[in-house]
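A short write-up of the structure that comes next.
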Amino acid sequence: MPENIQHLVMWLIPLAPLAAAIVTALLGPKGMREKSHLPCWFGLAVAVVCAYVLLFSIVPGGFGEHESQAVVAPGYQWIDVGGLNVRVELRADAMTAIMLSMVTAVSLLVAVFAAGYMHGDPGYARFFACFSLFVFSMCMLVLSSSFLLLFVFWEGVGLCSYLLIGFWFQKPSAAAAAKKAFVVNRIGDFGFLIGIFLIWTTFRSVDFATVLGEPQRLAELAAAQPGRITAICLLLLLGAMGKSAQFPLHVWLPDAMEGPTPVSALIHAATMVTAGVYVVARCTPLFVHSPTAQVVVCCIGGVTALIAALIALTQDDLKRVLAYSTVSQLGYMFMALGAGTLAASDAAPALATTAAMFHLYTHAFFKALLFLAAGSVMHAMGDVIDMKRFGGLRRALPITHWTFLAGAAALAGVPLLSGFWSKDEILGALYSAGSSESPYHGYYYAVFAIAVFIAFLTAFYTFRAYFKTFWGEERFPAEAGHHPHEAPPVMAWPLRVLAVCALFIGGLVALSGSFAGYLHHTIGLPHAEEPGLRWGLVFVSVAVVVLGIGLAWQMYVAAPRMPSKLAAAFRPLYAASLNKLYFDEIFWAILVAPLRGLAWLAGWFDRVVIDSIVDGLALVPRWLSAVPVVFQNGRLPSYALVMWAGLIVCLALAVRLFASY
């Protein structure tokens, strides 16, 4: 492909959604109204086509060559101050192309579904304007050529998530959830910004090509300043923990369910939460020089995945089960990203990053499917999403039923479905890290054991949600009426397409052996062969999945009274899981309440002390102005007295002056 055409294609990927956002914002509320989705659809369709053109053109020599490929689309000079030179330009390599193909495709399917789901909403045009802006920000984040430009759109993604989570701002819980997401992410973003500053002071550049693309220089800096490299990695990780909802900054993501369901699908599958994983994967050349940072990444991922899975076991809100599932699966990705120890082999970083990115890719499709299917259930149930209030929906909602089942099976890791292949690669990466000569190999074995246990929990809570929703006695809430309706075609077709992807895309990519062969064309990633199946790990993985699904069937279909008996027998544990391990209460006690107390104290000090000082200073001119009033009273004797006093003062000064000579 000619270079100028490739540059045009790259610019069209973000600019098409941006144009859609502008057109919808200007014309939607009064002009297009119920047609406000059309610019969004068109803009995202253009972005999808361009993303796949880029995917197949970014490595023109094919998947087998071993040199990195990157294309830079020129833009304009943004900053050139004191040696800091930042240009607004786009940079694409293999990781960029994979991310864009996933982000744009999933976003388009969610946008199509949203046209049916949001039909009749008073903020219909505003929704699609924000939706398009969200996709624009995510595409620019992925295409950024420097850390500083990435940070600008990192914040843009945060802003759009705030607007969409709080879309129904009249609803107090939605407004509170939006603020919570925004504030919690500021904690991570503060660390991220300091990390970028350290990158600048260390490398005298914030450009990806300079920081990540010179392995010899990077190795020399890491040998000379190992603490500095570790600090950079941990600060970048802090930013990623906020965006990708890792412990302890995971508390915002479940509350984000207060937004419209298509927003949940967009955030959990294609945009916001994938940004943190992408940044850590992009910075693999930095992380491989800090084994300490890597083991921290791995352990944080393991703790996050375990906590979220334990909480998901008892939730009755279908969307919250899926939300905690997202947190847990993101933890899986971080476990893989932290397993790329150089002590294992030179190819270990590439294998670990491949496993994480592969799971990110497959997860986007089946998690978007699950959220949209949950939205279809909510749409049919009159906005009720509490699984205690409905059941047996498989006959009333046949399309939603089989598509949800496809997504649930893929998430659980049923053999040969998408989640099975990517999860198996993560288990393999963790086992390899544990078998390495790394000083932290014991930690990796522990995280591997946790990952296997989480695979069991994932299968259990996923099919618990499936059985409670679609099996058992047919029950509908009063809000649904007597005859719940299946999703209309505009909502049903995205479910069908995503179901096919959830079933087959992982197997097609894994069996073709092309993912690692393509991804190694990323800056800083060495070449690595696609790992084959480890039959011992496959056996363990399949066994825990079958056990989890079987236990869910036994408890929620064969013996539906068993859960209540177990809850009564283990009430403290059940209550802890149901109440999200009391993390919100802990955060309130150690962070929110003290800060509110400090804010009250600052307000009191401002009112009582600062205001008193300001008001007191304002009284001084009044007091001083009261003195002349005594003499300027319109009486001649008073004026004469003032004149005599002035004359005496002047004579006294004159005498003193002459006396000094």
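In what follows, residues are counted from 1 in the order of the sequence shown. Predicted model only: the values in this text are computed from it and were never measured.
Relative orientation of the Phe147 and Phe208 rings is perpendicular, given thresholds of 30° and 60° on the angle between their planes.
At a cut-off of 3.5 Å, with distance as the only test, no side-chain donor of Thr202 or Gln225 sits close to an acceptor on the other residue.
Annotation: side chain of His359 is not in contact with side chain of Trp421 (no heavy-atom distance under 4.5 Å). Contact of the Lys423 side chain with the Gln329 side chain is not registered, since no non-hydrogen atoms from C-beta on lie closer than 4.5 Å. At a threshold of 4.5 Å between non-hydrogen side-chain atoms, the residues Phe167 and Arg126 count as touching.
Remark: Phe197 CZ is loosely packed, at most 12 non-hydrogen atoms of other residues, nucleotides or ligands lying under 6.0 Å away. Remark: Trp493 CH2 is loosely packed, at most 12 non-hydrogen atoms of other residues, nucleotides or ligands lying under 6.0 Å away. Annotation for Phe42: atom CZ does not count as buried by contact number, only 12 or fewer foreign heavy atoms lying within 6.0 Å. Environment of CD in Glu3: sparse, with no more than 12 heavy atoms of neighbouring residues, nucleotides or ligands closer than 6.0 Å. Atom OH of Tyr124 has more than 12 heavy atoms from other residues, nucleotides or ligands within 6.0 Å.
Remark: side-chain polar atoms of Ser418 are paired, donor with acceptor, to backbone N or O of Gly506 under 3.5 angstrom. Between the side chain of Thr326 and the main chain of Leu322, a donor-acceptor pair closer than 3.5 Å is present. Listed for the Ser244 side chain is a donor-acceptor partner under 3.5 Å among the backbone atoms of Val277. Put simply, the side chain of Ser132 never gets that close to the backbone of Ala20: no donor and acceptor are under 3.5 Å apart. Between the side chain of Thr362 and the backbone N or O of Phe358, at least one donor-acceptor pair lies under 3.5 Å. Between the His7 side chain and the Val72 main chain, a donor and an acceptor come within less than 3.5 Å of each other. The backbone N or O of Val183 lies less than 3.5 Å from no partner atom in the side chain of Trp252, so there is not a single donor-acceptor pair. In this structure, Ser145 contributes its side chain and Glu89 its backbone to a donor-acceptor pair below 3.5 Å.
Cation-pi geometry between Arg186 and Phe182 is satisfied (NZ or CZ under 6.0 Å from the ring centre, within 45° of the ring normal).
Salt bridge status for Asp93 with Arg282: present, with a side-chain N to carboxylate O gap under 4.0 Å.
Checking Val211, Leu237, Ile199, Thr201 one by one against Ile232, the side chain to side chain contact (heavy atoms under 4.5 Å, CB included) holds for a single residue, Ile199.
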